[in-house]
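See structure below.
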Amino acid sequence: MSEKEYIYFPGCSLEASAIEYDMSVRKVLAALGVKLIEPDDWSCCGSTPAHSVDHVFAAAVAARNLAIVEKMGASTVITACPACLSAFKKAHLRMKKEEGFKKEVNAILDEPYNCGVTAKSVLQILVEDIGPKPVAEKVTLDFPDLKVAPYYGCIINRPPEIMEFDDPENPMAMDNLMTSVGVKVCDFAFKVECCGAAFGVAKRKMVNELSSKVLSMALDAGANCLVVTCQLCHQNLDLRQGQINNTMGSSFNIPVLFFTQVMGLTYGYSPQELGIDKHNIQAEGLLKTRRPVEERIKEEQEKAKAKKPKAKKAEEEES
Amino acid sequence: MFIEKLKEAVRKILPEVDVVIGYRQGFDPLHATPYFLDKPEQVDQLIWNPLCVQNLCSYIPFLKGKVGVIVKGCDSRAIVQYMQEKLITRENIKVIGVPCLRVISVKKVMAAINQQTVQEVTFEGDNIIVKIPEGPKTIPSADVAPRKCATCQLATPLQYDVLAGEAIQSNKPQDTFEETKEFEKLSLEERRAYWEKEFDRCIRCYACRNACPMCICQDKCIAESRDPHWTSQRANVTEKAMFHMIHGLHLAGRCISCEECERVCPMDIPVAKIKKKISMDLKELFGYEAGMNPDDTPPMYTFKVEEATIEEHEI
Amino acid sequence: MRVGVFICHCGNNIAGTVEVAKVAEAARMMPGVAFATTYMYTCSEPGQEEIKEAIKREKLDRVVVAACSPRMHEVTFRRTVEKTGLNRYFFEMANIREHCSWIGEDKELNTNKAIEAIKLAVEKAKQNKPLFPAKFKINKRVLVIGGGVAGMQAALDCADGGLDVVLVEKSPSVGGMMARLDKTFPTVDCSICILGPKMVDVSQHEKINLYAYSEIEEIKGYVGNYQIKIRKKATYVDWSKCTGCGACIEKCPSRNAFDYFNFGVAPARAINIPFPQAIPKKAKIDAQFCRQFIKGKCGVCAKFCPVGAINYEMKDEIVTEDVGAIIVASGYGLIDLDKLPEYGGGRYPDVISGIQYERILNASGPTSGHIERPSDHAEPKTIVFVSCAGSRDKSIGIPYCSNFCCMYIAKQAILTKDHIPDSRSYVFYMDIRSPGKGYDEFTRRAQEEYGVQYIRGRVSRIYPKGKKMIVKGADTLLGTQVEIEADLVVLATAVTATTDARTLAEKLHISYDPHGFYVESHPKLRPVETNTSGVFLAGACQGPKDIPASVGQGSAAAAKVLSIFSKDTLESDPQIARVNTNICVGCRKCIGTCPFGAIEEQQLRDGRIIANVIETVCAGCGICNSTCPCGAIQLQHFTDNQLLAEVNALCLT
Amino acid sequence: MADTGFLPKENLPALLEALSKKFAVFAPVLDGEVVLFKRFAPGATLCLTRPANLPPKGIIFPQSETLFNFNFKKDPEDPKKTSLELKENLDFVPTIIFGSRPCDAQGFRIYDRVYLETDTADPYYKGRREKTTIITLACNAPSPGCFCTSVGRGPAESDGSDLMMTELGKGYFFEPMTEKGKEIFKDSLFEDGSAYKEQAQKAHERVSALVKKPFAILEGTPEKLLSLFENSQFWEGETAKCISCGACTYLCPTCYCFNITDEQVGNSGERIRSWDACMFFHFTLEASSHNPRQNKHQRLKNRVGHKFSYYPKKYQGVIACCGCGRCIRYCPMSVDISEIVAHAQGA
Amino acid sequence: MSYLAGKELRIVGFLCNWCSYGGADTAGVGRFKQPTDLRIIRVPCSGRVNPLFVVKALLNGADGVLVSGCHPRDCHYSDGNFYARRRLEMLKRLLPFLGIDERRFHYTWVSASEGARWKNVVTDFTKAIHELGPFHQKEEKTECS
C-alpha cells in the first residue's frame, strides 16, 4: 500500500464531544496507511455564529487555518467535521472568486491566504483518493446482524456548488463505503432529510418531530443502526433519542455510529478502541455476532454457485 | 578546408540549377554579402565563415526556376516553413546544408570595437580577431554571437540535399524564453514606456519586413497600401507601433526565429522580441514551433473544436 | 458624396429616451451628409415614401436610416432605396433602438450614443460600393428532417404542392411523440386514430421518399443547392423483404431489450416493431440487446423469418440526396427521471413520467390500456401528478415552461377517473397554464366534473413507505404542508431539446438557444425561418409546443418552401469575398481556412498563382479576409476599409 | 575678434547650453548603440566620435510633416453647403544642427538645388533651412564603408556648413564659413584659434588620405550609367541581393523624395508630406495599378542613376552622393553602391 | 464628444451578426438596461475580426475593445469563431507584453437568445474599463527627426 500523507484538521468537536469520531478516524486511516499531520496552532474554523454576524471575520477565522496549511506547502487539508469543511470551502471559494473580499480578509490576517488549499472531508478522500478496493482489503471481521442506514445530514454535500462532492439529493459515498467493508446497507429515503439539529434549542418540538421521522424511516427501510458522517447529526440523533421517545411517544433504541467506527469494527478494532461505548444508545447487541470475513466470502461463493446452474437452465429453455 | 568542400558541393549542383545563392566578401572584412552565381568561375569567390549571417532562404520564394542555396541550421526552418505553407516547390530547391555551431553578430563586434573601421578579420579557435587602427583585438565568439545561437538546436540543417561537411549535434541548451519571461516581470507602464522609446526610433524603412523570410507580401504589404488603409504615413509612435504589430501578428505561428528582422534594423530596435513572445505563447498553447515539421499547419490557420489550452476569460 | 440620414422616432420607442431633433442636427454637421430629418415611423409606408422623395429631391447617393436593428428592417429599407434606382448596398442602418434607446437610461448619453451610431453608419456608407447579386438555379426538392406530426404535415403540404420531398426519420417509424399519446386534449380524441391516416398518406405519397431509421450525416451547400448525406442505420432486416408479420418478434429469446417507443415501461424484444400502427411496419434489431451480436450465436429470428429478411451482416449505408431547401422538424426530448433525485426519479419504480403514463393508458401500450403500477402491477387508487417536474426550475438549468404539461395532466387525470372510477387524483401545480381554445374549460372539467384535486404548491420530496409513495409538499393556498400517500406518482417531466439537437444545428449552420432549441429568424414575424436561408423550422425543435401549433408550423414551413421555389432562380448574396488580383501574392492561406471550400487557385496569364472565390459557394463569413496578410481578399460590404472607417470614426476623434 | 576660435572640450556643454537659450539645438546623442540627432538637453551624452546613424536631414526635412490642416465647415442652415478652411504653419524656430559631419552638411546642398534654388522654392524647406545654422565637425577617421573623397568631397569639406570644427586633442578648432556661422562665433566662450589653424589643416589631410577610394574618376560616369539603362541583365546581377527596403534611402543625407497623403477624420484632416523611397514598389505605382518600376532592379537602378547620372546631368555635374557610406554600412545585405558604380564604369 | 468626457469611456465592440449582434438586440427588446459607453461595429462573423482591428482601435483611442461571437460549435459559418478564438487568444496574451492591460480587450461568446448574458457582458466590461480608467491620457507626440 502506498503511503499517503494528509494535513488533518480535527476541529473543536472532535477534541471534545465527538472524541470517538476522532479516535475512529485516526485508527481507520492509520490502518489504510494514511499518515495524518495536525497543523500547529490551528484555531477555530469559523463555523461558529461568527458567520451570521460578520462574513469577513468568519472567513478570516477559516482562512487563518488554511494559510497555516498553505505555509506547510500542502494543497489539501482534510477534516472529518462537515461544519469545518463547509466553513473552509465557503471562505476559500469566495476569496478565490472575489478579489476584493480576499483583500478584506487578508487585511485581518497576519499571514495572507493565497487560495491554494482545497478542503476535503475524510469521507471524500476515502472514496476518491483511496478507493473501494484498498478499503475492502483491510476488512477482517464481518457483522452479519448489522443493517445500516447511512444518514448524510445537510451539509456534507450541499450546497453542491460549494461542497463539490457527491450527489446533493441522493449521495452514495457512504452507502458505497459501507458496502465495500461488507456491511449491509439499506436504501434510505431520508438520507439527506433535515433532522432539525440547528433548532435544537429554539424549537425543540419541531426537532423532535423531524428527528423522529428520520429514525422511523430508517426502521422502515429495514435498518437497525444509523451511520453518520457528522458529529452534530450524531449528537442530535443519539443523545436526543430519549427526549424524542418522551415527546413523540415512541420507543426508538437505534444506535447511531460514525461511519469510521463501522469501518474500524470491520478492521478488527474493538468497540472500546473506537469509542463506541461512549454513545448514549449502546450498539453491543448488534455487534455481538461477529465472524472472520472469510466465512462470509465463502458463504457468498456457495450461494452464487447454487444459483448459477439454474440460470443456465433458464437460458436453455428460452432458446 | 571546409570552404573547399562547400565549393565542391556548389560546383556539383551548379549545372542542375539556374542560380546558386552563397556568400562572398562584402565591403569590409567584417561583412559578408549574399552572392548569386551561375557560372563555375564564380565559385571561387565563395566564402564561408561565422560572419555569413544573412538568411539566404529569404530570396527563394521570389525566384523562378531552380535555385541552389547555402543554408545554415537556423535558416533551414525557413525551408520547412515554406513547405508547410506550400510557398515553394521543394523539388526546385537544391539545399546545400552547412553545419554551423554559431555565427557572429556584426553589430556586437562593432560595439566591441567602438564602431571603428576594420582592417582585417581572422578566426582562431573560438575567437574572432579583429584588426582595427589601434591593433588586433581578440574577442571570444560566444560574446559576440547573436542571441539565437545561445539556444540553437539546429547545428545541422533540417532540410538539405547536400551537406557540406559532417552532420553535427547541437551543444546548446533548449530555449526557455528566459529573456521574454524576464521582460514580462516589468510593470505594464514600464513595458509600454520601453516600446514607446524603441518604436520611436523606427524610420519605417521596412528592412525588418523585407529581410524576413516569411514576409511574403513584400511590395503588397498593408503597412504602405491605401486600400486597405491600415496606417497613415505619419511618423508618430502609434503608426510605427501599428506597423510592428502588423509585422508581428502576420508572423504569428510562422516566425522561424531567425532574427533577421532585428539583425537588419538600422535603428537597433529589438523587433524580434515581439515575435519571440508570440512564439512562446503559441508553443505553450498549441505545442507548435514554426519551421520544424513540413507536415504541420500554422496554428492561426487551423483550429480544434475543443481547445484544451484556451479557457474562457472572465471580465 | 451626398448622404441622407433618416432618424426614426419609432413612436416613443426611440424618441422617448433620445432627443431625435438634436440627433438630426448633429447628423447634418457630419461630413458628407447632405440631408437629415426625423420621422415618426420610418418603416411605415409614408416613412418609406419620404425616403424615396428625399433621395430624388436632394439627389442623395447614400442613405442612412437610424432606427431599429438592421436584423429587423435592413431588408425593408434596402428595397425602398432600390426602388429609386440607388444600389441597395448604398444603404446603411444605425441601430439606435435595441442598442440605444431601449437600454440606456440617461437621455443625454443616449442622444450622444445615437449620434455616434449614425456617424459610424455615415462613415461606413461613404465607403460602400454598389454590389450586384448573381442568379443561380434552384433544385426544387425539399428535405424534411423528422417524421413527427410537424414534419409529416410539412412533407405532405410540400408534396401536395408538387415538390419532391425527402423525409428523414431517426426512429424506425414516423409518428413521433404524437404516436405515443393515448388521447389528445381538449377533445379527448384518440391520438393514433387521427395521426394514423396522415402516417399512411406519408408512406403512400408518390412525391415523398421516406428514409426511416436514418439520420443526417452531412449537409453541404446553400439555399437552392444542398447536398445531403443520409445515414441509413443498419436494421439487420432487409426491409424490402420484411412483411412486418412479427414472427421474429414472437420467437426472439432476448426479452430484456429497452423499449424506446414505450420509454422503458415494459421490456421489449431485441428484434422489434415499435407499435402496431408503425409506418413502415418493418422489424429491426437492437444490436446491443441481441444475442447474435452479444454472444455471437442465436440466429433464432433468421430461422423463423418466413421471407429470409434477416441479415446480421448489414452495415450502415450512406445515401446522397440533393435538395434546395430544408425543413427541420426534429422534435423534442424529455429530461430523464434521474435528474429529479428529490422525487426519487429513476430509483422508485412507481414514480414515472407523464409520457410513460401515456403509454400505460394507451390500449396498444404494454399494459393494453389497463392502469397498473410498475412495481407490482397493482391497480393504483391514489395517483399524484406533479407538474413542472424540472420545468421552470433554474437550479437544473430549465427556466422555461414546458408548454403542454398542464393540459396533458388534466387529460390524464380525467382518463384515470374514466379507467378507475374509484380512484383519486391529486395534481400539484405552480400555475395552471391553459391558454388555448377550449383549454381552460378542459382543466376546469377535470376539477369540477372529475373531482381531481388540484393543490397549488411544490412537492419537496417523494419517498417510499411500505407499498406507498409518500408525496410531501406544500399547499400554498392553505399555507400548510401536505403529505399524500400515493400508489403511483406521475411527474410531468420537463421538455428539452433532443440530445442531438446541437449536433444537427451545427450541421445545418443554424443557431440554438442555451437549451438547444433552434432560434427562429424573428420571434414574432419570422417564426419558422432561420437565419440560414433555405432552412425552416417546424414544431417543438424550436421550443415546446402542442399538436395544433406544431401542425400549424409544419404547414407554415411548407408554405415558405413553396414560396421560394415559386421562382426558377434565386439571387445570390453579393456580400461575398472578392480577390484583388493586383494585390494577391498567392500565399494560399485563405484557401486553407475557408470553411466552405469556396476559394480555389487560379493561374494568371503571367504565370502568377492567385486565389479565386467561387461565387456561389462563398457564404460571406470573411475568415479569408482576416487571414489574408496583404488585404487582397476583401469581404464585400465588410471590407477592411469599411470597418476601418468605422473604427476611425470612433477612435480618431 | 579673431576669425578662428578654439574651445576646450570641457567648455562644450556650456556652449551648447548657451546656444540652447536662443536656438533649438540638435546634437548627436547616444541612444543605446545608436547615435541620433536629438534636441540637446543639459546632461545629454553627446557622441561625437562617429557619424550619427541617421543624418540630421530630418531636422530640416522631417520624416513626416503636416503641410497644412484642412477643415470642411458645414453650414448649419444648409448641410449641402460646405466651405473649406486651410491652416498652415510656416513659423519655424531658429535651429542649430550641432556636430553634423561634412557629408551630412553636404546633403543639404543637394537638397538646396531642388528645394531652394528654383523659381518655386519649397516654403517648408526654405523656412527651416534659412533658420538653421549648421555646425559641422570634421571627421578624424573614416567610417566603415565611407568614400567621400571619391565623389569629389572630403572629411573636412565645408560646403554646406556655417561653422566648421575640428577636434584637436584637448579641444575643438572652430572656423566660421558663413555669416550665420559668425553669429554663433561671437560667443565669449571661444578662445583665439589662430594658433591651431595649421594643426587642423594637417589633421584634415591625414584623414583625407585614409578614406577608401572605390573608384578613381567620375568623369563619364553619368553617361556610362545612362548607356546601361536598358541593360537589365547588368542591373539584375548587381541588385540580386537587394531586398528593396528603404534603409539606404532613409539613412541617406541626400535622398529627398517624398510622398503626399491626406488623412481625414470627420470634417477635418491634414495633408502630410513624408519621406518616400524609390526602393519601394509604391513609389511609382500608378492609379491604374500599372507600375513602371515593377522589379527591384529597376528601383535600385534608379537610386544609383539618380545620384550618379540624372542629378549631375541636371545640376552642373554635381554628384548627388556625399559618400557617407551609410547605405553600405547599414544595408541588411551589404549592397555597396560604390561597387555598383565601379562595376558600371567597367561594364 | 467632449461634453461627455468624464462620463463615458471609448469602448468599441465587434459583434457577429448572427449571434452577438442578435443577443444585443434581444437585450434591447428585453429592455435590459446597460451602460452606454459601448459602440457596436457589426461584422458577419467573429472570424472576420482581424486581431489588427483590435490593435488599431486600442492604439488609436479606444479604452477597451470587446469582440463577441457565437458560442463555439454554433458559428453560422461553422468555423469562424474557432479561428477567432485562437487568434484573439494570441492577441490577448500579446497585449500586456506591449504594455497594454489585457483587461482592456475581452472576447466572449453570446448567442442571439442570450439577452441577459449580453447585458452582463456589457455591464461588467464597461465597469472593468472604468476601473482601469482612460487608456489615452497624453497627446501623441509627433517626431521631427
Side-chain angles (χ1 to χ4, degrees), chain C residues 68-72 95 97-106 108-110 112-113 115-117 120 124 502-503 505-507 509-515 517 519 523 531-532 575 593-596 619-623 625-628 635 637-638 640 643-644 646-648 650-653, chain E residues 1 3-4 7-8 10 12 14 17-19 21-22 24-45 47-53 56-62 70-71 73-80 82-84 87 111-114 117 119 122:
Chain C
C68 51
S69 171
R71 286 163 56 98
M72 180 88 182
N95 184 340
R97 192 178 74 175
E98 283 85 345
H99 293 187
C100 181
S101 71
W102 275 351
I103 56 165
E105 288 165 308
D106 183 317
E108 188 195 9
L109 293 174
N110 278 356
N112 179 53
K113 188 174 182 180
I115 292 169
E116 292 206 340
L120 220 67
K124 165 95 194 296
R502 289 170 174 82
T503 332
E506 283 151 19
K507 288 175 185 162
H509 299 313
I510 61 174
S511 330
Y512 47 87
D513 70 14
H515 315 294
F517 292 113
V519 175
N531 282 327
T532 301
Q575 297 175 91
T593 49
C594 176
F596 304 96
C621 62
I623 295 169
N625 199 161
S626 63
T627 303
C628 178
L635 176 62
H637 214 58
F638 293 96
D640 285 354
L643 298 180
L644 283 168
E646 295 185 79
V647 172
N648 290 345
L650 287 177
C651 296
L652 284 175
T653 41
Chain E
M1 295 288 144
Y3 67 94
L4 291 170
K7 281 192 188 170
E8 279 190 351
R10 179 52 81 222
V12 181
F14 293 91
N17 179 53
W18 304 102
C19 293
Y21 197 94
D25 280 356
T26 307
V29 173
R31 310 297 197 280
F32 290 118
K33 298 297 172 221
Q34 297 156 44
T36 49
D37 307 45
L38 179 75
R39 302 288 179 268
I40 293 171
I41 295 176
R42 184 163 70 129
V43 291
C45 175
R48 173 67 188 90
V49 184
N50 189 331
L52 285 170
F53 284 120
K56 179 83 181 167
L58 284 171
L59 289 182
N60 282 285
C70 306
H71 286 278
R73 290 172 181 276
D74 192 17
C75 176
H76 182 71
Y77 304 102
S78 91
D79 302 344
F82 292 138
Y83 288 107
R87 295 170 185 183
S111 81
S113 58
E114 293 176 317
R117 179 171 150 74
K119 169 219 160 98
V122 175

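So that the names make sense, note that chain A is the first sequence line, chain B the second, and so on, each numbered from 1. Bear in mind that the values here come from a model prediction, so they are computed numbers and not experimental data.
Atom OH of C:Tyr512 sits about 8.5 Å away from atom NE2 of E:His71, to the nearest 0.5 Å. Atom CD1 of residue E:Ile40 and atom SG of residue C:Cys100 lie 10.0 Å apart, to the nearest 0.5 angstrom. A distance of 6.0 Å separates OG1 in E:Thr36 from NZ in C:Lys113, rounded to the nearest 0.5 Å. Taking OG1 from C:Thr593 and CZ from E:Phe82, the interatomic distance works out to 14.5 Å, rounded to the nearest 0.5 Å.
Of the two parts of C:Asp640, the backbone and the side chain both hold a non-hydrogen atom closer than 4.5 Å to a non-hydrogen atom of chain E. Contacts between E:Ala27 and chain C at a heavy-atom distance below 4.5 Å involve the backbone alone (N, CA, C, O). Looking at E:Tyr83, the atoms closer than 4.5 Å to chain C (heavy atoms on both sides) all sit in the side chain, from C-beta outward. Of the two parts of C:Ala619, the backbone and the side chain both hold a non-hydrogen atom closer than 4.5 Å to a non-hydrogen atom of chain E. Of the atoms belonging to C:Phe596, it is side-chain heavy atoms, and not backbone ones, that fall under 4.5 Å from chain E. For C:Ile510, the part sitting under 4.5 Å from any heavy atom of chain E is the backbone (N, CA, C, O) and nothing else. Proximity to chain E (any heavy atom under 4.5 Å) is restricted, for C:Leu120, to the side chain, taken from C-beta onward. Both the backbone and the side chain of E:Tyr21 come within contact range of chain C, judged by heavy atoms closer than 4.5 Å. Looking at E:Glu114, only its side chain comes within 4.5 Å of chain C, counting heavy atoms on both sides. Using a 4.5 Å cut-off between heavy atoms, C:Leu643 contacts chain E through both its backbone and its side chain. Contact of E:Val122 with chain C is not made at all, since no heavy-atom distance falls under 4.5 Å. Looking at E:Arg87, the atoms closer than 4.5 Å to chain C (heavy atoms on both sides) all sit in the side chain, from C-beta outward. Interface remark: C:Thr503 contributes no atoms to any contact with chain E (heavy atom separation under 4.5 Å).
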Derivation of the side-chain contact (heavy atoms from CB on, under 4.5 Å) call for E:Asn60 and C:Val647:
CA-CA 9 Å; E:Asn60 282 285; C:Val647 172; 5.9 Å; no
Mind running side-chain contact (heavy atoms from CB on, under 4.5 Å) on C:Thr532 and E:His76 for me, showing each step along the way?
CA-CA 8 Å; C:Thr532 301; E:His76 182 71; 3.0 Å; yes
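The two atoms that bring C:Gly620 and E:Pro44 nearest to each other are O-CB, 3.6 Å, heavy atoms only.
In this structure, C:Val519 and E:Ser111 have side chains that are not in contact, with every pair of non-hydrogen atoms separated by 4.5 Å or more. Between E:Arg31 and C:Ile103, every side-chain heavy-atom pair lies at or beyond the 4.5 Å cut-off. The shortest distance between side-chain heavy atoms of E:Lys7 and C:Asn112 does not fall below 4.5 Å.
The existence of a salt bridge linking E:Arg39 and C:Glu116 is confirmed by a sub-4.0 Å separation between a basic side-chain nitrogen and an acidic carboxylate oxygen. Ion pairing between a basic and an acidic side chain is recognised when a charged N comes within 4.0 Å of a carboxylate O; E:Lys33 and C:Asp106 show no such pairing.
If you tally non-hydrogen atom pairs under 4.5 Å between each of E:Asn50, E:Asp79, E:Asp74 and chain C, the highest count goes to E:Asp74. Contact tally against chain E (heavy-atom pairs below 4.5 Å) for C:Cys621, C:Cys594, C:Gly622: the top residue is C:Cys621. Each of C:Glu646, C:His509, C:His99, C:Gln575 has some count of heavy-atom pairs under 4.5 Å with chain E, and the biggest count is that of C:His99. Among C:Pro523, C:Pro70, C:Ser101, the residue making the largest number of heavy-atom pairs under 4.5 Å with chain E is C:Pro70. The choice from C:Leu635, C:Asn648, C:Leu644, C:Asn531 that makes the most heavy-atom pairs within less than 4.5 Å of chain E is C:Asn531. Top candidate by heavy-atom pairs under 4.5 Å with chain C, chosen from E:Gly61, E:Cys45, E:Ser78, is E:Ser78.
A donor-acceptor pair is defined here as one N or O able to donate and one able to accept, closer than 3.5 Å; no such pair exists between the side chain of E:Tyr77 and the backbone of C:Pro595. For C:Ser626 (side chain) and E:Gly47 (main-chain N/O), a donor-acceptor pair under 3.5 Å exists by modelled atom type.
Looking only at atom types and distance, the side chain of C:Asn95 has a donor-acceptor partner in the side chain of E:Asp25 under 3.5 Å away. C:Arg71 and E:Asn17 form no side-chain donor-acceptor contact under 3.5 Å, judged by distance and modelled atom types alone.
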